[in-house]
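The structure appears right after this line, and notes come after that.
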Amino acid sequence: MAELSARLAMDFNAIVPNAPATWTNNRLHFFKYMSESTAKKVLENRTLRWSTAATLNDPFELQLQVSIDSIDIENVKREALTNIWRLYSGNVPIPAANPLGVMLEILRIYSPGLSKEELFQELGDGIGESLEVIKNNTPKNREEVMGVLSSIKILSLTIAPDIGLMWSHYANSHRGVVMRFRSIPAFDSPFGMARPIKYSGVRPSFFTESYLINSLSGLQSVNVKEINDAVIYTKMAEWEYEKEWRISSGSGRNKEEPFEDVPFGYNELDGLIFGLRTSKEDRQEITKLAAAYPNIEFMEAIPNQVAGRVDVERIQTQPNAATAVCQFGSS
């Protein structure tokens, strides 16, 4: 029973009861891998770095496909005209999703009774011309979109402190630490706004076939928030092992800066996990710096030789204290 109680106390997937409705998640904890030198700076300054794409280790971060070269243009024209005829000849009000939808509704009111051929002759050339404009403007669109995306700042987190590759890549080959951050509703913690990354084999596209069909038949306009979210919260599939969640602050306080170091609350840092190879000297220095954080709990990574993974164990701070081992791979 004591072992079960200890395991429950080490639940890294706990949730926040009655999380605020404005939050995008109800997770209690998020984790951040870092080297031992970075950990000392974080503890001394009480800040976390929010970064732009140019400062991240993946050159494909925050990229958006704006070309329509891979889209079946003839199918787009065909399906858009089919939608236009269905809307014009029907009895349901046409949604004013974009100017074309408004024009189609006006055409239905003031020019009723057009045949399909007459309607297509009226609007068909315009659809083709619109697609040609999009294609010709691809370089300009790419430059404008990337200009906006280049200033967006994000904070990268993860939901798992036991990922061997993460310890290797981000915590100086297990010499660093993982910090555990707590979402606190009373403090309106930013961690409550974190969202999971969607891992995909393709980059997000500004122009999809379905969007072009709906847009050219007056049914859809550009959803800037939807596109921004797709770019910010999508990564290529090979990064899936990171189990990343992100928070975006837009361009932050200073749009021109490549990163910003943003303060977090003393109570929001409530756990610290030493790596398999964290030196005795670094442990002592980091422990001393962490004394400023009243709710911090010290843990350490331990090798699970049988399963070939990293487990996490609470460091015994009192004589005869119970040891709790979290085996994340078994959950």
Side-chain angles (χ1 to χ4, degrees), residues 6-17 19 23 25-50 155-167 169-172 174-196 242-247 262-276 278 282-283 285-302 309-317 321 323-329 331:
R7 285 175 181 269
L8 291 175
M10 292 281 285
D11 181 9
F12 292 130
N13 287 306
I15 64 171
V16 177
W23 283 12
N25 72 81
N26 63 351
R27 291 190 62 86
L28 182 61
H29 289 123
F30 289 95
F31 301 89
K32 184 78 173 171
Y33 291 77
M34 61 189 73
S35 68
E36 62 276 27
S37 59
T38 297
K40 295 170 189 177
K41 293 177 183 177
V42 168
L43 292 169
E44 287 174 341
N45 300 328
R46 194 167 55 83
T47 58
L48 287 173
R49 178 156 294 182
W50 297 58
L155 175 65
S156 295
L157 305 162
T158 182
I159 59 172
D162 66 327
I163 305 171
L165 285 176
M166 294 281 277
W167 277 104
H169 295 165
Y170 298 104
N172 192 19
H174 297 261
R175 296 180 184 87
V177 305
V178 170
M179 291 188 182
R180 185 180 71 186
F181 292 93
R182 186 184 189 95
S183 293
I184 305 176
F187 297 164
D188 195 23
S189 295
F191 308 109
M193 300 308 296
R195 294 174 54 180
E242 292 185 341
K243 300 181 181 178
E244 183 180 352
W245 286 52
R246 281 182 178 172
I247 314 171
V262 180
F264 58 87
Y266 282 105
N267 291 297
E268 289 176 317
L269 175 59
D270 76 346
L272 192 148
I273 306 169
F274 293 109
L276 296 174
T278 310
D282 285 328
R283 279 186 176 229
E285 187 175 352
I286 289 171
T287 299
K288 183 177 180 180
L289 290 169
Y293 299 84
N295 299 323
I296 201 161
E297 177 181 39
F298 292 100
M299 296 157 277
E300 61 185 349
I302 59 172
R309 66 167 182 251
V310 174
D311 289 339
V312 175
E313 178 181 278
R314 181 180 291 109
I315 295 176
Q316 295 184 5
T317 56
T323 297
V325 178
C326 292
Q327 299 180 331
F328 305 97
S331 60

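When reading the values below, keep in mind they use all heavy atoms of this one structure, side chains included, and skip hydrogens, waters and symmetry mates. Treat the numbers as computed from the prediction; the structure is a model and nothing was measured.
Looking only at side-chain heavy atoms (C-beta outward), Met179 and Met34 come within less than 4.5 Å of each other. Residues Asp270 and Ile296 have side chains not in contact (no heavy-atom distance under 4.5 Å, counting atoms from C-beta outward). Using a 4.5 Å cut-off on side-chain heavy atoms (C-beta onward), Glu242 and Ile163 make no contact. Using a 4.5 Å heavy-atom cutoff, the side chains of Pro190 and Leu155 are not in contact. Two residues are said to be in side-chain contact when any heavy atoms from C-beta on lie closer than 4.5 Å; Ser156 and Lys32 meet this criterion.
One distance of note links CD of Glu36 with NE2 of His174; it measures 12.5 Å at 0.5 Å rounding. The distance from the OG1 atom of Thr287 to the CG atom of Leu289 is 9.0 Å, given to the nearest 0.5 Å. Here CZ of Phe30 is found 5.0 Å from CH2 of Trp245. Values are rounded to the nearest 0.5 Å. Rounded to the nearest 0.5 Å, atoms CD (Glu268) and CZ (Arg180) are 13.5 Å apart. Considering CG of Leu43 and CD of Glu285, their distance stands at 10.0 Å, rounded to 0.5 Å. Rounded to the nearest 0.5 Å, atoms CE (Met299) and CD1 (Ile302) are 12.5 Å apart.
For the residue pair Glu244 / Thr158, no side-chain donor-acceptor distance below 3.5 Å is found, with atom types taken as modelled. Of the N and O atoms on the side chains of Arg27 and Asn13, at least one donor lies less than 3.5 Å from an acceptor on the other residue.
Side-chain N or O atoms of Thr278 include one that pairs as donor or acceptor with a backbone N or O of Arg175 at under 3.5 Å. The main-chain N or O of Ala194 is found under 3.5 Å from a side-chain atom of Asn25 such that the two form a donor-acceptor pair. When atom types are taken as modelled, the side chain of Trp167 and the backbone of Pro161 share a donor-acceptor pair closer than 3.5 angstrom. Between the side chain of Tyr170 and the backbone N or O of Gly176 there is no donor-acceptor pair closer than 3.5 Å. Between the Ser189 side chain and the Ile184 main chain, a donor and an acceptor come within less than 3.5 Å of each other.
Within a 6.0 Å sphere centred on NZ of Lys40, heavy atoms belonging to other residues, nucleotides or ligands number more than 12.
Relative orientation of the Phe12 and His29 rings is perpendicular, given thresholds of 30° and 60° on the angle between their planes.
Note that Arg46 lies in the cation-pi zone of Tyr266, set by a 6.0 Å cut-off to the ring centre and a 45° limit from the axis.
Of all heavy-atom pairs between Gly192 and Ser183, the closest is N-OG, 3.8 Å. Contact between Ala301 and Ile273 at its shortest, heavy atoms only, is N-CG2, 3.7 Å.
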| task | In sequence, state the C-alpha distance, the side-chain angles, and the governing distance for Arg283 and Glu300, and then conclude on salt bridge (charged side-chain N to carboxylate O under 4.0 Å, His left out). | result | CA-CA 10 Å; Arg283 279 186 176 229; Glu300 61 185 349; 2.8 Å; yes
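For Phe264 and Phe191, the distance between ring centers is not under 6.0 angstrom.
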